[in-house]
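Take a look at the structure below.
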Amino acid sequence: MHDPADRPPVSAPDTRSDTITVRGGVPVEGHIAIRGSKNALPKAMVAALLTVEPCRLTNIAELTDIDVVDELIRIAGGSVERHPDSLTITAHSFTALGEHDVMRLHAASRIPVLTTAVSLHRTGHAVVAAPGGCSIGPRPVDFHLNVLRSFGAHDIHRDDVIELTAEHMRGARIELPFPSVGATEQFLFAAVLAEGDSELANAAIEPEILDLISVLQKMGALISVEPNRTIRVTGVGELGGFEHRVIGDRLEAASWASLALATGGTITVQGVQQQELATFLNVYRRAGGDFTINADGDTISFRRERRMLRPLALETDVHPGFMTDWQSPFVTALTQADGVSVIHETVYEDRLGYTDALRSLGAQIQVFTECLGPTRCRFGAANHRHSAVVVGPTRLHGAELVVPDLRAGFSYVIAAAAAEGESLIHGVDLLDRGYADFRSKLSSVGVDHR
Ligand code: UD1
């Protein structure tokens, strides 16, 4: 346990709009309504650009990525009609984005890169910039480019942008070096309107991808998901409009569940499906959490089953493994477990940076470059700091923190809520990227903040 004298000073309350002060140490209690998934909704919006017919999406969450895709569609010549719980996209025409717009939009979000295949289909031309998004590693686009080259696209690299052209996209057989979510989506957008048959081996099969496949099927696409991560597509001449209710956000659900676990409180989340959280629920229970699920499987109450949490060994993986986006909120809760937990992050090379901040609240966490898990992942040999050992339980205390990325930011909120005293968290606007109405949700579960 830390001596109070070791604690970093907490400054006077900050009046900046993107700073909150959290007074922790009280178990949370409340209800959270979850809306459409951050990782599914923007992709369904991109799918709407493959047709000239109107497409309607419901279960809309007000997220930064939605605003980015909305703007992109308008610049490209389409329209987006927004209502409180739905939006309708019509892309009668589509003009390839210019370098300036691409650079600006890419700086705000990773999603614009997913419009590359769409732009190639509709205009024969596309521009890709060095992608933005969260600061969890370089997040390259080499898999995307290789997918597009296989369909017949040519790329020219200039300073900050890559220009692509394709007169005609033809079906392709591709194997991904890693089951990348984004590259699988790029493949789907390319294959559905390409001439002939396509096959993607080692594809990602996350629930958000299956939701996108449902959208494309409604539009008239021919797609099958085979065993062993293989997706087969037969290209069609044109696609039509759709109506679709986007799946609930399983990442957000797990974040609030981790807050309940860390503080010893109870949070009920409504609007996600049990089966999409199955792996998370198992680990939650193993760590000493408990939950009750309603008959429809879409409302789950999370709480602690025992006073002291159990430590465990945890390895992130692609679906159906333990999702990388669940890692930082859940590991923050493990600072309260009685013993040593071992974490191995195998999806991103740089997703343990948040542990430095947790240490400033008193957590005992050490980060390693070795693979501390059963899988020999691609980051071990490359010397990335991608494994961690967490020793608990630690009494956390307030600190001053700056949010570096979305999930890390939520982890800081969890740590601050579990800590005794006040914490000052700067940069919380970044949380709007994945948690719609973030501050009012914090209030609704009783986190003391201002
Ligand atoms: C998506 C999710 C993100 C989630 C991730 C993995 C969205 C908007 N974001 O991100 O929340 O954490 O899936 O489930 O849906 N890679 C390359 N080259 C590429 C593409 C990816 O090396 O061209 C690597 C990445 O650096 C990373 C791994 O592949 O190490 C997985 O990335 P990927 O699945 O593509 O993530 P995103 O689609 O960007």
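Both ligands and their constituent atoms are indexed starting at 1 by order of listing.
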Does the N or O separation between [X] and ligand 1 drop below 3.5 Å for any pair?
X: Pro179; answer: no
X: Pro140; answer: yes
X: Asn39; answer: yes
X: Phe143; answer: yes

Salt bridge or not for [X] and [Y], using N-O below 4.0 Å?
X: Arg82; Y: Asp67; answer: yes
X: Asp211; Y: Arg245; answer: no
X: Lys38; Y: Glu252; answer: no
X: Asp325; Y: Arg351; answer: yes
X: Glu243; Y: Lys218; answer: no
X: Arg35; Y: Asp85; answer: yes

For [X], state whether at least one heavy atom is located under 4.0 Å from any atom of ligand 1.
X: Ala204; answer: no
X: Lys43; answer: yes
X: His384; answer: no

| said: Would Arg378 and Phe178 count as a cation-pi pair here, with the cationic atom under 6.0 angstrom from the ring centre and within 45° of the axis? | reply: yes

| said: Would Asp155 and Arg149 count as a salt bridge (Lys or Arg N to Asp or Glu O under 4.0 Å) here? Give the steps. | reply: CA-CA 8 Å; Asp155 49 283; Arg149 283 179 198 131; 2.7 Å; yes

If the cut-off is 4.0 Å to any non-hydrogen atom of [X], which atoms of ligand 1 fall inside it?
X: His144; result: 23 (O)
X: Arg110; result: 20 (C), 39 (O)
X: Val141; result: 23 (O)

| field | Heavy-atom check, side chain of Val413 versus side chain of Phe438, under 4.5 Å | value | yes

| With a 4.5 Å limit on heavy-atom distance, are the side chains of Thr123 and Thr95 in contact? | no

| Who's closest to atom 30 (O) of ligand 1 heavy-atom-wise, of Asp350, Val347, Asp317? | Val347

| task | Select the closest option to atom 38 (O) of ligand 1 among Ala40, Pro177, Gly182, judged by heavy-atom distance. | result | Gly182

Side chain, backbone, both or neither: which applies to [X] and ligand 1 if a contact is any heavy-atom pair less than 4.0 Å apart?
X: Arg407; result: neither
X: His319; result: neither
X: Phe178; result: side chain
X: Arg351; result: side chain
X: Asp325; result: side chain
X: Thr324; result: side chain

| task | Give a yes or no on whether the backbone of Gln273 and the side-chain of Arg250 come within a donor-acceptor separation of less than 3.5 Å. | result | no

